[in-house]
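Worth saying up front: this structure is predicted, and the values here are computed from it rather than measured.
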Amino acid sequence: MPEKGIINTKQFVWMLFIIITTLAAMQIPSMLIMQAGRDAWLSVVSAWFLDVMLALVYAYMGIRFPGENFVQYSITILGKYLGRMVGILFPLFFLLVCSLMLQGLSQVVNTIFLPMTPFNVILVSSFLVSAFIGRKGLEVIARMTEVLGPLFFFSIVTVCCLVLPAVHMERLKPQLDEGIAPFLIGTPLMLTSFGVCIIMAMYIPLCNRPENGFLAKFSAVSMGALVVGLVTALSVGIFGIEDAQYMNSPGLQLAKMINFSNYLERVEMVWLLILVGSGIVASSSLLWAFGQGLAQIVGLKTYQPLIYPGALLSLVFCIGSFPSSLNQTNFFHYTFPIVAAFVETGLELFLFATALVLNKRGAA
Amino acid sequence: MRLFRSRKRKKAPKPELSQPLAAETDAKQENPPLNNSLAENLNTLQTMFANCTDFTYRELKIGLELVPVLLLYVNGITDEQTVNQNILKSLVNIRCSNLEISRSNNLEMIKNEFLEIGNITEISTIGEVTDAILTGSVVLLLEGTARALQIGTKGFVGRPISESVTEGVVRGPREGFTESLRTNTALLRRKIKTPNLKLEKFVLGRVTKTEVNIAYIEGISNTKVVDEVKKRISLIDVDSVLESAYIEEMIEDEAFTLFPQIDHSERPDKVAAGILQGQVAIFTDGTPFVLIVPTMMIQFLQSSEDYYDRSIYATSVRLVRFFFLNLALLLPALYIAITTFHRELLPTPLLISITAAREGAPFPTVIEVLMMEVTFEALREAGIRLPKPVGQAVSIVGGLVIGDAAVQASMVSPITVIIVALTGISSFGIPSYSFALAIRVLRFGMILLASTLGLYGILLGLLVMQAHLVSLRSFGVPFFAPLAPFNLRDAKDLVMRFPWWAMGERPRLIAKNNNNNTQRQKFFLKPAPPDENEQ
Amino acid sequence: MSIAEAADPKGSRVWNPLIEVGVLEEDKHMTVLIVFAALAISLAEGIPLGKQGQWKELAVMSTLLGMTILLAAGNYLGLPSPLSLLERLLEPIGKAIFK
Amino acid sequence: MRKLALILVCISLLTTGCWDYQEVDRLATVLALGIDRIPGSKNVLLTVQIGKPEGKGSSKQIGGQGGEKSYIIMNSEGKSLSEAILSIGKQSTRRVVLSHCKTAVLGRDLAEMGIGEILDDLKRARESRRTNWILTTDKTAKEIIEKDISLEQLPGRGLDHILQNFKKAGRVVPMNFNDFFARLNGESHVSFTPLAQLEDIDKQVTNQLEKVVGRSLDTEEKPKTLTIGKTAVFKNLRMVGVLNEDDTRAHKWLVDSPKGSSITLAYAPQAQTNGDKGDIMFEIEDGQTTITPHISEEGITMNIECTTKVLIHELGATGVNVLDPKVVAQLELQTAEAMKLQLEHTINTAQKELKSDCVGFAENLHNYYPLEWKQIKDNWDDVFPTVDYQIFCKVKILSSGTISNPTLRSEPE
């Protein structure tokens, strides 16, 4: 096995949490509000429920094929050639998510921190750092998230508490104004970005207690759903749906609303720093998953030399496909959910069904 | 040049080792046994110690039969009084006929019946003789015997035990280690009175022959770590070991890092505490600094006094220390990032007063800060190296000239002076000097990053630094533990310092033993007044 | 001057889905940089691999870097990237589902 | 090798950087922003107040009295707000930063012609914050921005302080960008801001005194004073009118809460039907207003319930005996009646005069009757003036300050 590191369940939870939340907390709430209006938080809840259901499948597959991640068990299930063709979709998907994530974060950094710095400089430096971390292996990533994760969680919760005085409850009412259709449509949107934590299948074989996979995912998704739900509901309660749906990053705008006794204000940068830091670590674990998956498909001894090339490939994706933040938002809103639904749900359920039908099991 | 040399060494390490330096040749390679003839032995040794004025030999004829005896020692490192009183006197006073020139057990008899010295061993080669002489023993050679007696008379007049200079405490033991290895181990033994405290001897340095002892408690320390320490020490093959830092650099896990991965101390109580929680101490002769492995980063931020003060106070002091650690690393960088990139973070009145203070400043903020930081480092270095009275003068002049005159002359803005001074004070708040060095260097990197990309640059720097820190290990123990990987049990002694009665366990990561018993005391010995009815 | 233009004083990143995305000068420089980076990575990672005789790893890595360079060259020439193709394929479905 | 490459990359990054690096003494910090419409054109006139750092050479004096002012004013013109902001650069040696600007003042002309064009910029700009205050004036914003506020070195911050105080206690609802936008986006598309005015308070006082004394007083000519006491009402991005001070106060009770406000009662004990009226002032310690809509066949009725807890602030010369529970009960009733009258007047003004729902009926209807609201929604402007309402006020007197009854009674006539 290329990766030698072992992670524990706590680290597992924080890693999943960071990946879900950095991807979802920045841009998703506004898209969700666009779809579901005031009921956006309901979409978060239902997506949370569906994702937990999906996690059951992943956790079960992790136990059915002990010591194997989906890249490996797709080979076990589907055979040498078809299995590899299917298996490679997962690493590529992670690479795509990595592009999306770092593009979004760099865009925010460019708008808020460094408006005059060329965008590409920020993009390249964030890719560089995340590849640097990714190359150090899963253990390092896990330990970093162990420090950053709680910090991130509490910073979001703090931000939410500090902006509570600005909330107008009547902006959240009435609920289910347009019936249940909007929030049902919002659910898949949310589900697909929660679904990035299918990366859990990469971690399960490396966890010191693989049977805790479901528990870890459950805690991570619950925390993530809490955070995203809070951000979404507060955005509606503060900005109203008309403004919130077109915000590039409602979370950031929320932090900008902090005005605590007239002294603690303009502190959104501190929050943003933590967010960007977590995002970079999260994308480094995506890069790691790419390298690890690819190395397993081809059967390499080590994945480390693949991290920097992977980061470079992801960077090229970024530059080629998302020349602007509008492009990225558009992709994130309309194309990504389809791709993600295909990979996260479709492929995995397909593998699951095939494994059941062919009665394949992992070598215990 | 350096690059070239290291390249060459990498390519051909073997031949170099097999051809030791000329000075080492005789000692290492030719180790002939002692001769029966006293004269020949003396001859060999005299040629070996040619031009060594401190090499002393004394020929005696003892007993009724006047058996020739030769005493060899190096002047100055033996205890002159012992040599005269307990060896010479007793040898001269031998008045029995049992000593015969032809008998073979003469040596045993001298050893057993006449010498009033405790530490005597028999040796039989020239090499052993030279080793013994050079480490301060007296060697007794007897005519007609191919063996010799090594009489332990080590008596170097060293520094007396005095208070540790680098790690001062308000409350706590005042003694500090000295340069003498035996004194140091004795100081340790006085604190830990158990036969399980093992002291194992190594001799390092082909030329210096420095004695190195590793100390650990069997049953408490992790045997894997002890074995690893032994393995790494025995792999060392250098010509000289003058300070424990030589060993430190040759046994640490990661060579290319700013951070020290092995703690050192000159306080017996700190070393004893380390050993008692399962660490291994490495004593080196000739230096008061004892290495403690494995080390976690958090140890560099703990002072031994933390454990002698009340726990709440110790906790709050630690909090201050952590805060100032961050200031020492980041304050100048944050100042630059915030004033030149992100003015939004400043309150409006402060922004306007900073602007006013900078009005008409000739240099950019970065240059100002770098100038002042470099000046500060120079002052600090000068203060340490100069003789004490002059050092004080330097700091006074530095403080006055740099602090006041530079502002008066509009060279720098007063806020920069405040920032640099605060950073300096913060860096003194880090208990470990070697860890503070790493922070000092990193601070400049952070300043550069901050001046390029502002807070984002600082973030990137911190991420890289943290990734590096968590990837470090010290003898298998994660360096950043117990923060990452987080361990709630070990966190009792992390930022908080729990009261002694609540710290029931040794740190798991260090002391996790084969029998997995890290229990230190009974669970929860919280003191309480006796029951009413007992009174 | 419309509001949208006024609000974006840089003016360089206004994207119109109706017009094919042009290649900005800045991104052309990036392509050159990427090629250099690919070479640097292949040296930095490849030499140790070659020394250790891990030829398979070296091959996979070179393939990845080669793909990167090809894609970068495609960007340079203004060809659509694979993600754009994916977007063209799937965006109508997404637009049909979501608002 | 890998490390060498990393170091090289870092060095190249470090040496080429510094795009955003900007020394703090090369910046002009804007503290307040005034936006006017140039009459007869679509152009925007921007007035900014920029904090002037006191260098070491200049003497520091408070409030620009005698000495130099600690701020400067700059004007610029542009087709849009952002163009005007950019064109300040034409006259400023320092880069203009808006991140510390906490107040934006809208001129009356601009407000009446429509603010749609500037809103987008206020929302979109990087440095704009939704917690910033928005104000309207009855004349031009330029005057307000240029105005000194006594005791304040920087008038821009003075404005901020005034509005911050309003948040805790005051008669006017302070408006930040966020609430302003959210109300404009709301169901009724009606929003409001405090109205800043320049009043010659000194002149008024002098005139009155002159009447009493009967000769002209020899006082110094003082500049006008800035006051904020009224409310400007916006509907569909246009200013449609102003609520006067009394209406503003009641408006605050309706849309925010009565807390921190005050109420004056012209007291007339029932026993003494003739004369001896006196003013009693209450400070509203706590209070809550709830509006509950009710749709029946007759039409829409709003039940407005206003409960307040008040402190006696001043009994004046009324000679009431507040130690008598009956009197207190009566006082409570009369105060409630006075509040009711004031509220009615305000709602009436909104319904009849301004014809805009600045009291938040639409939101409540939407919340309580979402289905019905969809039908009313489109012709709400016509429906609103006809909406019926019922007001229930409840007042509870909590305490009377440090003394109970007034010790000095007015002489009986």
Side-chain angles (χ1 to χ4, degrees), chain A residues 38 108-119 121-122 124-125 128-129 131-132 135 163 165-179 236-248 252-263 265-266 268-269 304-305 308, chain D residues 2-3 5-6 9-10 12-14 16-22 95 99-100 102 119-120 123-133 157 160-161 163-165 167-168 176-187 189 255-256 291 360 362-371 373-374:
Chain A
R38 299 186 185 83
V108 171
V109 170
N110 200 6
T111 336
I112 300 301
F113 286 111
L114 306 163
M116 317 248 273
T117 306
F119 175 71
V121 170
I122 299 167
V124 169
S125 55
L128 195 69
V129 171
F132 174 82
R135 199 186 186 284
V163 297
V167 175
H168 287 249
M169 280 311 283
E170 68 267 13
R171 286 175 201 160
L172 272 165
K173 289 191 278 191
Q175 288 287 313
L176 298 178
D177 196 14
E178 310 278 329
V236 176
I238 291 174
F239 309 124
I241 50 171
E242 288 82 2
D243 270 3
Q245 63 180 325
Y246 293 118
M247 283 177 174
N248 277 338
L252 174 66
Q253 295 286 348
L254 273 188
K256 280 179 101 171
M257 287 299 291
I258 293 177
N259 186 329
F260 190 71
S261 75
N262 210 11
Y263 292 103
E265 53 180 347
R266 293 191 287 260
E268 78 273 0
M269 282 194 181
Q304 282 173 331
Y308 276 101
Chain D
R2 210 162 46 78
K3 273 170 185 139
L6 202 71
V9 171
C10 290
S12 60
L13 204 75
L14 286 174
T16 54
C18 310
W19 296 271
D20 277 289
Y21 187 92
Q22 185 80 43
R95 208 174 91 200
S99 51
H100 281 261
K102 288 221 66 181
L119 278 194
D120 186 77
K123 282 184 196 175
R124 192 183 298 268
R126 179 182 91 89
E127 290 171 319
S128 153
R129 292 178 170 273
R130 285 174 155 257
T131 48
N132 289 356
W133 303 116
R157 281 178 56 75
D160 177 34
H161 291 316
L163 292 162
Q164 285 287 350
N165 290 343
K167 217 159 69 169
K168 285 187 188 129
N176 61 20
F177 282 9
N178 182 52
D179 288 337
F180 186 67
F181 300 151
R183 281 184 193 275
L184 276 181
N185 281 332
E187 297 298 332
H189 301 287
V255 297
D256 193 18
I291 305 176
E363 308 292 318
N364 283 294
L365 263 179
H366 182 212
N367 288 349
Y368 282 89
Y369 293 98
L371 294 176
W373 170 250
K374 276 189 195 129

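- Contact of D/Asp179 with chain A is made through backbone and side chain together, with heavy-atom distances under 4.5 Å.
- With a 4.5 angstrom heavy-atom cutoff, A/Ile238 touches chain D via backbone and side-chain atoms both.
- Shortest non-hydrogen contact noted between A/Lys173 and D/Asn367 is O-OD1, 2.9 Å.
- With D/Asp20 contributing its side chain and A/Phe113 its backbone, the two residues share no donor-acceptor pair below 3.5 Å.
- With contacts defined as side-chain heavy-atom distances shorter than 4.5 Å, the pair D/Lys123/A/Tyr246 does not qualify.
- Interatomic distance, CD1 of D/Ile291 versus CD of A/Glu170, reported as 10.0 Å (0.5 Å rounding).
- Across all their heavy atoms, D/Thr131 and A/Met257 have their closest contact at CG2-O, 3.5 Å.
- In this structure, A/Lys256 contributes its side chain and D/Ser128 its backbone to a donor-acceptor pair below 3.5 Å.
- A/Arg266 places a side-chain heavy atom less than 4.5 Å from the side chain of D/His100.
- The candidate from A/Gln253, A/Met247, A/Gln175, A/Arg171 with the greatest count of non-hydrogen atom pairs under 4.5 Å with chain D is A/Arg171.
- Within the 4.5 angstrom heavy-atom criterion, no atom of D/Gln22 approaches chain A.
- D/Arg129 places a side-chain heavy atom less than 4.5 Å from the side chain of A/Glu268.
- Contact between D/Ala182 and A/Phe239 at its shortest, heavy atoms only, is CB-O, 3.9 Å.
- Atom OG1 of A/Thr111 and atom CZ of D/Arg124 lie 12.0 Å apart (nearest 0.5 Å).
- Counting only heavy atoms from C-beta outward, the side chains of A/Asp243 and D/Arg130 approach each other to under 4.5 Å.
- For a residue to count as touching a neighbouring chain, one of its non-hydrogen atoms must lie under 4.5 Å from one of that chain's; by this rule D/Lys374 touches chain A with the side chain only.
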